Every structure is written in structure tokens, then in C-alpha cells.
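I have placed the structure first, in the form of C-alpha cells, so that the comments after it can refer back to it.
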Protein chains: 4
Amino acid sequence: MRVPADERRRALIQAAIEVVAEHGIEGATTRRIAERAGSPLARLHYCFSSKEELIVAIFESLANDQFEAAVHIRPGVGLGRAAASMLRQLAAWIDREPTFARAQVELVFWIARQKDSMASKVYQMAVDVFAERLREGMRDDDDPNLVELFAKMIAAYGDGMVVQGVAFGHKGIREDLLDTTAESFERLAEAHRLVH
Amino acid sequence: MRVPADERRRALIQAAIEVVAEHGIEGATTRRIAERAGSPLARLHYCFSSKEELIVAIFESLANDQFEAAVHIRPGVGLGRAAASMLRQLAAWIDREPTFARAQVELVFWIARQKDSMASKVYQMAVDVFAERLREGMRDDDDPNLVELFAKMIAAYGDGMVVQGVAFGHKGIREDLLDTTAESFERLAEAHRLVH
Amino acid sequence: MRVPADERRRALIQAAIEVVAEHGIEGATTRRIAERAGSPLARLHYCFSSKEELIVAIFESLANDQFEAAVHIRPGVGLGRAAASMLRQLAAWIDREPTFARAQVELVFWIARQKDSMASKVYQMAVDVFAERLREGMRDDDDPNLVELFAKMIAAYGDGMVVQGVAFGHKGIREDLLDTTAESFERLAEAHRLVH
Amino acid sequence: MRVPADERRRALIQAAIEVVAEHGIEGATTRRIAERAGSPLARLHYCFSSKEELIVAIFESLANDQFEAAVHIRPGVGLGRAAASMLRQLAAWIDREPTFARAQVELVFWIARQKDSMASKVYQMAVDVFAERLREGMRDDDDPNLVELFAKMIAAYGDGMVVQGVAFGHKGIREDLLDTTAESFERLAEAHRLVH
DNA sequence: CATGAATGAGGGTTCATTCAT
DNA sequence: AATGAATGAACCCTCATTCAT
């Protein structure tokens, strides 16, 4: 009978993610989370010793399940174009799942306050996913030193887009911004192209 | 006797920023803010009609006082170099005043949830400050259409840096990231240079 | 310069009456009263040592100015018809000035709690006005013992109408109720008619 | 364990009634009510979702428990005598439970300000109880159209008696008033008697 | 094991009142 | 004498959490 217990944890975690996304951390009350999960309030404290523990559990869940599926890169397309494409795909994902994207950014702030070390571990996970994908898109004459850099720039720009999206409602001039940055990625990769 | 009133507003705003940075939005209660400012709770509602108004005032303070003082552009230096320089100065400010910077980003989330329209107004304030400074740095053959774009990119990158800074504790590899982006700004402006 | 001070008291009293009528006693805050009177808040406590004193002053004002003008009786019309007519006029006044009528009833409760004796004095004033008018309408063969009774019945029915009006919004079946009661007044006077 | 919950609701309702009667609506704070009921403040909001709901519950309690128990009509006694008797019983109840009676009238004012529609629903509850009892007392030749009318008159007169009782301290001349009105009820029913 | 019932602590806000000028 | 500035106390309500079963 371990499985039901695990399922209940999972359901609560998923509910917590959704509630944080919709109402922010301050609006993520235990009642709302329990209600969303269709579980009695007391169960939340039966499965997790505190609200804090539940929110930390969100990150473990994110690491295992969520991030990998969103980005695909055509192998050998070149680092600049890979980065440009990835940025667009990230932007598309943010548009597709804005609540989820927002929740993630908010949780970075929250978790840094609770458990400083956890924040960097979690953030790095996302960067690693980006970097791995970028490597798949590299050509022979691309500079490998750019990969980590690009990954972090993409991550940072993603966060920036989320914040601006929150402010401006995800509509409007974002497209220009995207083109421009993508363009600069390609330019940059080109400039750093290795001579053989 | 107007001045003391203003000073008290300022003190409350400063306290609010600090409390948000330390405890997050969820922990930024009116009581804590008042206590930090060394003022009775009722004064907060005497100076600001609501907590929301206080939060909005934070943005005004940031835009009017902080950003304006933090960023200086040499006139006529050229749009690309102006943008590059501005990005660095913004990064320096984020390092110098991580408290302010973090608070600002968190508050964007909060304010968007309270009053959607307010968020864009408030975010635009910062963008406007950046744009104005950029215009001062323009040369004759710079493309004016790039100004708003650059301003928003700088803002977005700033937010991204803040989030990454929260995650990684403001130490480390950020310098490379900065160089790269600054470089891309210059490149971009060059490419869009007008023909006379 | 005594007059301005008196005028200010009067203005505050009038404002208080209006505010109580609109918002009830619980909604009659000092701020609202001062605002309605167009006076600074502090003046209220300069003219009246407390909110309680102001509300007590309302009754003195009512005694002097308000009640007498509302009811007129044709002399010699007979006690039953006079009472019937008076009831209708009272009802009309309640319709015309519902907020004022409500305020008066609410204040009876309030003042009874503050100063028990004052309540009966004030209520009796209204009864006396009714009784006096009724006497003007008497015929020779009317029973004088009925006068005080009718006056109190009218007062009580007036209060009852106010309460029911509050509940049902002053519309509807009240007319029937009125006819019926008026009819019963006439019947009663007839039955008690003196034999000469 | 349902019963204790119900008892606690009842205790809070009873406490609320007493506090309203003692301190008026303005003085009927949740704290005072909870304290009077000997319960922690939070329990009030656990049993009733809001203060408004508690106040509404007072009316239900009055209509269902108090009035029903207070008024008994001998079947077939005739509408006029039934109404007359009911008025006397209501008066007796007001004397017996002045606390309840005063609270009820004050609350009509309060509830009308919170939610206009609720006031009529709540007032009608009491009228319905009266009407039902009156119907039990009807004879074949009584006019059924009088029932609702009588019920409302009784309610209105009851309210009037309460207000006068508040003013005069429940002593004195009320008895005459009662006789007179009761008499008029009987007269009226007689006059409307149906012909078969 | 699981949960309905219960609550102390604290949330944002408004009040009548007083102070300093 | 007159009032803008200021505030302690209290408002209704909701929170995360812990009991009792």
C-alpha cells in the first residue's frame, strides 16, 4: 500500500505547482492546494511535514519530469542557429505554459531564501539541459567555449522574457526582441568560428 | 513640515524594499515593514492608502532615484556602445544593490496579480529611463528604431541577471555573459547603421 | 464670532443625521461626517468632545426643528378620521424621507444604550406632537381618552412601517396595510363615540 | 460529534443576540461575540463563514425556534380572535425576551445595508410563521386574503412595540394599546366575513 | 492510517481620538 | 482658535498547523 501514498504526494505536488502558477507563492495556501488536489486539508500535513517541505518537493519533481521535453535541436545545424532556435522554442514554451514558467521563476526566489544551495543546483539543471542540446547542434568549426555561455544567456533571457511577459501580458513587441537576440546569437557564433 | 512627511514615505519605501528582499513578497507584511522603518503600523496607512500603493511607490522610487543615478551615458558615444555600457552599469548596480534589484523583480509578479494594468505601467517606467539615456548616447547615423528595443532588451537581461544572481549567489561567471551580450549590442547597432 | 462656531456645530449635526440615515450608526464614522459637512476631521472633536456627544446633539436638533412640519389635520374632522389621515401622512413622510425616518429609529436604539432617560424623553416628544394635532381634529362627541392612545399607536405603527420598509424596500403591499389600519381607527373611534 | 458542532453554532448565535442587544450592532464585534460565547475567535469563522452569515443565522433561529415556540393558536377560533391573540402573545414574548426582540429589529437595519435582498427574505420568514399560525385559527367563513395582511400588521406592530419598549423601558401603558389593536383586528375580520 | 474539527497567530485595514503647531 | 499630522486599539478575516478520533 505504498503506491497510493506516493500517488497522493504526487497529486499534491502537481496541485501545488498549478496553484503557485496561478496565485503566486503568497497565494499558494495549503487550503487551495489541498482543494485543487481534491484531498482533505489534513492530508497535506500528513504527507508533508510542512508547507515548506511540499514546495521543496516541487523542485525535485521539476528536475525529474518537466524540463527535457520542451526543446529540440536539429543535429549539426550550427551553434548560432541552434542557440537562436532554442531561444525561440523557449519563448514558445513560455507562451504555451506561462503559468508554469512564472511559477518556476517565483520559486527560484522562494527556494533561495529557504535553502540557498538548492537554488543554484536547480538552476544549473536547466542550464545543463540547454547546454546538452546545444552541443548536439554544433558543427565542427563551432567554438565549444560558447556552449555554456549560450546556455546561460538563453536561461537568463528566458527569465527576462518571463518577467517582461508578466508585466506586459505576453503580447506585443516580444517578437522583435526575439529576432534581434536570435540574430545576435548567429552573429556571435559566426565571429567566433574556428579556422581549420 | 512637508519634508518630514516625505522622509517618512521614503523610509517606509526603503524598509519595504529591504523586507521584500529578505522575506519575499509573502513575508513582506505591513507590520514587518512598519517595524523595520521604526514607525507605528498606522503610519503606513497614513502615508499610503494601501499596501498596493506602497508597492507601486517602490517602483517609482526605483525608476526616479535609483536607475537615474545608477546609469550615465556619454553623449554621442553611439547607440551600440551606449547600450553595451548601460548593460554593464546595470549589472554593476545589481551587484551593488542586490536588495533593490531582487525586490523589483519579485514585485513585478505581485503587482501583476493585484492589478494587471499597473504592472505594465510600472515596468515601462524603467524601460523609459533606459530609453531616454540611450537616446542621449546616439550618433546621427544610429537607427532610432533600435532605442526602445535595446531598452527592453537591457531590462529583460537585467531581470535575467537578477534571477541568475539569486540562484548562483551573484558570484562567478556573469562577467563572460556580460561581455558577450555587450559585444552583440555593438554588432547589432553597427549592422543597422543608417546610410547618409 | 460666536455665530460661526454655532453654524459649524449645526452643519456637523446636519451632516451626522444624513450620514446615519445613509450608512446607519455603525457606518457613521467621524471621517464621513466631517467630510459630508465639508469640515476638517479635527474640527469635529473641536466642536464636540466625542462622537457620542455629537449624536446626542442630533436629538436636540430633532426636537427643535424637524418633526412639527410633517403633519396637518383639518379641525373638527373627527378623531377617527384625524388618526386615519395622520397615519397616512406619516406614511407619506416616511416615503418622502426614508433615510431620515430610518435614522431616527436607529438612534432610538443607540441613545437608549447611552442615556436611558433621554430615549423616553425624545420618543415622548414625537407622541406629543401627534397628540396635539389629533386634539385639533376632534369633534365634540369624540372620546378624549383615545387621543394619547391613538398617538402612541400611530407612533408605533410608524416605527413598524419604517422597519418593514427597510426590509421590503418601501414598495408593495404597504398600501393595503395602511387602508386596513386607517379603517380600524375610524371603526374604533366610532365605537367609542360619546352619547350626549 | 455533530451535536457539539451544532451546540457551538447555537451558543454563538445566542451570544451574538445578547451582544447585539447590549451593545448594538456597532458594538457587536466578532471578538465580543466569541468572548461572550466562551469560544476562541477563530471558531466563529469556523462555524460561520462570515459575520453576515452569523447574523442571518440569528433570524433563522428566531423564526424557527423562538417564534414557533412562542405563539400558539387554538384551531378554528376565527381569524380575528387568532390575530388578536397572536398580537398579545407576541407582546408577551417581547416582554419575556426583550433581548431577542431588540436584536431582531436592529439586525433588520444592518442586514438591509449589507445585502438588500436578504433583508426581505429574512423578514418574510417571520411573517410566514405568523401567517401559518393564523391559517390554523381560521374558520370557514374567514377571508383568506386577510391572512397575509394580518401577519404583516402583527409583525409591524411587534416592531413598533419593540421600538416603543426600547424608548419607554418596557413599562407602562402598552396594555391599552394592545387591547385597542386586538379589538380592531376582531372588528376587521368580522367586517370581512364571507357570506355563504 | 487517515481526517474532520479546531485554533493561536497574524494578515491588511479603519477607527475615534490626540498632539503639535 | 483651529487644524493637519499622527497613532494605539480594534476591526473582520485567513493562515498553517495540530489535535482527537
Side-chain angles (χ1 to χ4, degrees), chain A residues 1-2 4-5 8 25-34 39-55, chain B residues 1-9 23 25-35 39-55 114, chain C residues 1-2 4-5 8 26-34 39-55, chain D residues 1-9 25-35 39-55 114:
Chain A
M1 274 304 182
R2 259 286 121 74
R8 284 172 169 185
I25 288 235
E26 47 146 10
T29 66
T30 50
R31 265 172 175 65
R32 260 206 269 253
I33 293 169
S39 89
L41 174 57
R43 184 188 291 167
L44 194 151
H45 280 87
Y46 185 67
C47 293
F48 302 90
S49 70
S50 73
K51 185 184 164 184
E52 182 183 325
E53 199 194 288
L54 167 57
I55 295 191
Chain B
M1 270 307 183
R2 265 285 126 70
V3 181
D6 253 32
E7 270 171 31
R8 283 172 166 185
R9 275 181 69 96
H23 301 276
I25 287 164
E26 40 149 9
T29 68
T30 51
R31 275 166 176 75
R32 253 207 272 254
I33 293 169
E35 191 187 17
S39 89
L41 175 56
R43 183 189 291 169
L44 192 152
H45 285 282
Y46 182 66
C47 293
F48 303 90
S49 68
S50 70
K51 187 180 168 182
E52 183 186 320
E53 202 193 284
L54 168 58
I55 304 291
Q114 308 299 312
Chain C
M1 272 304 183
R2 261 285 120 74
R8 284 172 169 183
E26 47 146 10
T29 66
T30 51
R31 265 171 175 66
R32 260 207 268 253
I33 293 169
S39 90
L41 174 58
R43 183 189 290 168
L44 193 151
H45 280 88
Y46 185 67
C47 294
F48 302 91
S49 69
S50 73
K51 185 183 164 184
E52 182 184 325
E53 198 194 289
L54 167 58
I55 296 191
Chain D
M1 271 304 185
R2 264 286 126 70
V3 181
D6 253 32
E7 268 171 32
R8 283 173 167 186
R9 275 180 71 96
I25 288 163
E26 41 148 8
T29 68
T30 51
R31 273 164 177 71
R32 255 206 271 252
I33 292 169
E35 192 188 15
S39 89
L41 175 56
R43 183 189 292 169
L44 192 152
H45 286 282
Y46 181 68
C47 293
F48 303 91
S49 68
S50 70
K51 187 180 166 181
E52 183 185 319
E53 202 193 284
L54 168 57
I55 304 289
Q114 308 299 313

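Lettering of chains follows the sequences in order, A, B, ..., and the numbering in each one begins at 1. As the structure is a computational prediction, the values presented were derived from the model and not from experiment.
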Rounded to the nearest angstrom, tell me the gap between atom [atom1] in [X] and atom [atom2] in [N].
| X | N | atom1 | atom2 | result |
| --- | --- | --- | --- | --- |
| C:I33 | E:dT17 | CD1 | P | 11 Å |
| B:Q114 | E:dG12 | CD | P | 11 Å |
| A:E26 | E:dG12 | CD | C1' | 12 Å |
| B:E52 | E:dG11 | CD | C1' | 16 Å |
| D:L44 | E:dG8 | CG | C1' | 15 Å |
| B:E7 | F:dA6 | CD | P | 11 Å |
| B:R32 | F:dC15 | CZ | C1' | 14 Å |
| A:H45 | F:dC15 | NE2 | P | 13 Å |

Residue pair [X] / [Y]: nearest heavy atoms and the distance that separates them:
| X | Y | result |
| --- | --- | --- |
| B:T30 | B:L44 | O-CD1, 3.7 Å |
| A:K51 | A:I25 | NZ-O, 4.3 Å |
| C:A34 | C:L41 | CB-CA, 3.8 Å |
| C:S49 | C:H45 | O-CD2, 3.8 Å |

Hey, does B:A28 reach any base, or is it just sugar-phosphate, or nothing, if we go heavy atoms under 4.0 Å? sugar-phosphate

Could you say whether C:K51 or D:S39 is positioned toward the 5' end of DNA chain E, judged by the nucleotide with the nearest heavy atom to each? D:S39

Pick the nucleotide of DNA chain E nearest each of C:S50 and D:R43; which residue has the one closer to the 5' end? D:R43

Residue met sooner reading DNA chain F from 5', once A:S49 and A:T29 are mapped to nucleotides: A:T29

With nearest nucleotide decided by heavy atoms, which residue, B:L41 or D:Y46, maps closer to the 5′ end of DNA chain F? B:L41

Can you figure out which of [options] approaches the side chain of [X] most closely?
| X | options | value |
| --- | --- | --- |
| A:P40 | E:dA16, E:dT3, F:dA16 | E:dT3 |
| C:R31 | F:dG4, E:dT7, E:dA16 | E:dA16 |
| D:R8 | E:dG8, E:dA6, E:dT13 | E:dA6 |

Please check if atom CD in D:E53 has more than 12 non-hydrogen atoms from other residues, nucleotides or ligands closer than 6.0 Å. yes

Under 3.5 Å for both donor-acceptor distances, Watson-Crick or wobble: does E:dG4 have a partner, and if so which one? F:dC19

